[in-house]
Amino acid sequence: MSDPVKLLVVEDDPVLRDIMGDACAALGYPAALAGTPVEAIGALAQYDSIRLALVDVVLPGGISGFALAQQLHDARPELEVLLLSGYGKTLTLPPGFTGRVLAKPLPLDQLRAVLSEHLGAA
């Protein structure tokens, strides 16, 4: 029997989403994958076992990753949410934002470290 899904990856680019999903699974952390905020909320409702969400900052549908992170946290306060951005130092953080933003693409060793830190050993 496989471990329950503990990870949610929200990425609108289907190629990057699949790469992230494959990398997480290869590291022993199978992930629920979502391409939109609506899919992310649905996945969170489907998997009670999700403990960490990796959310792209730029998403379709008029909602930012920052806003989605807040919605996910409001729905499940114990959920840890880390944001991913390809904008690097040019990214403007919203006022009051205290979360963590990781630069993407994440090298495999950094992804492994992040998953291990937040989800424990695979």
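Scope of the values below: all heavy atoms of this structure, side chains included, with no hydrogens, waters or symmetry mates.
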Roughly how far, to the nearest 0.5 Å, is the [atom2] atom of [Y] from the [atom1] atom of [X]?
| X | Y | atom1 | atom2 | answer |
| --- | --- | --- | --- | --- |
| L7 | I50 | CG | CD1 | 7.5 Å |
| Q46 | I41 | CD | CD1 | 13.5 Å |
| L52 | L119 | CG | CG | 5.0 Å |

Taking only residues two or more places apart in sequence or in another chain, which ones pass side-chain contact (heavy atoms from CB on, under 4.5 Å) with T36? V38, E39, P60
Any sub-3.5 Å donor-acceptor pair from S64's side-chain atoms to V57's backbone N or O? no
Quick one: does R51's side chain have a donor or acceptor within less than 3.5 Å of a partner on K6's backbone? no
Under the side-chain hydrogen bond (donor to acceptor under 3.5 Å, both in side chains) rule, collect the residues that match up with D48, sequence neighbours excluded. none
Please identify each residue that fulfils side-chain hydrogen bond (donor to acceptor under 3.5 Å, both in side chains) with Q70, with sequence neighbours left out. D74
Derivation of the side-chain contact (heavy atoms from CB on, under 4.5 Å) call for L54 and K104: CA-CA 11 Å; L54 301 177; K104 69 175 190 179; over 6 Å; no
Heavy atoms only: give me the nearest [X]-[Y] pair and the separation to one decimal.
| X | Y | answer |
| --- | --- | --- |
| C24 | L115 | SG-CD1, 4.0 Å |
| Q71 | I63 | NE2-CD1, 3.3 Å |
| P30 | V5 | O-CG1, 3.9 Å |
| L33 | G21 | CD2-CA, 3.7 Å |
| L59 | G65 | CD1-CA, 3.9 Å |
| L8 | A43 | CD1-CB, 3.8 Å |

Spell out, yes or no, whether [X] and [Y] are grouped together once hydrophobic residues are joined by side-chain heavy atoms under 4.5 Å, including indirect joins.
| X | Y | result |
| --- | --- | --- |
| V101 | L68 | yes |
| V58 | L84 | no |
| L83 | V114 | no |

Pairwise side-chain contact, [X] with [Y], heavy-atom cut-off 4.5 Å (strictly under):
| X | Y | result |
| --- | --- | --- |
| L82 | E117 | no |
| E11 | I19 | no |
| P105 | L16 | no |
| E80 | H118 | yes |

Could you give me the CA-CA distance, side-chain angles and deciding distance for D56 and V10, then say whether side-chain contact (heavy atoms from CB on, under 4.5 Å) is met? CA-CA 6 Å; D56 188 16; V10 186; 5.9 Å; no
Under the side-chain contact (heavy atoms from CB on, under 4.5 Å) rule, what do L108 and L27 come out as? Steps first, then yes or no, please. CA-CA 9 Å; L108 194 57; L27 293 171; 3.8 Å; yes
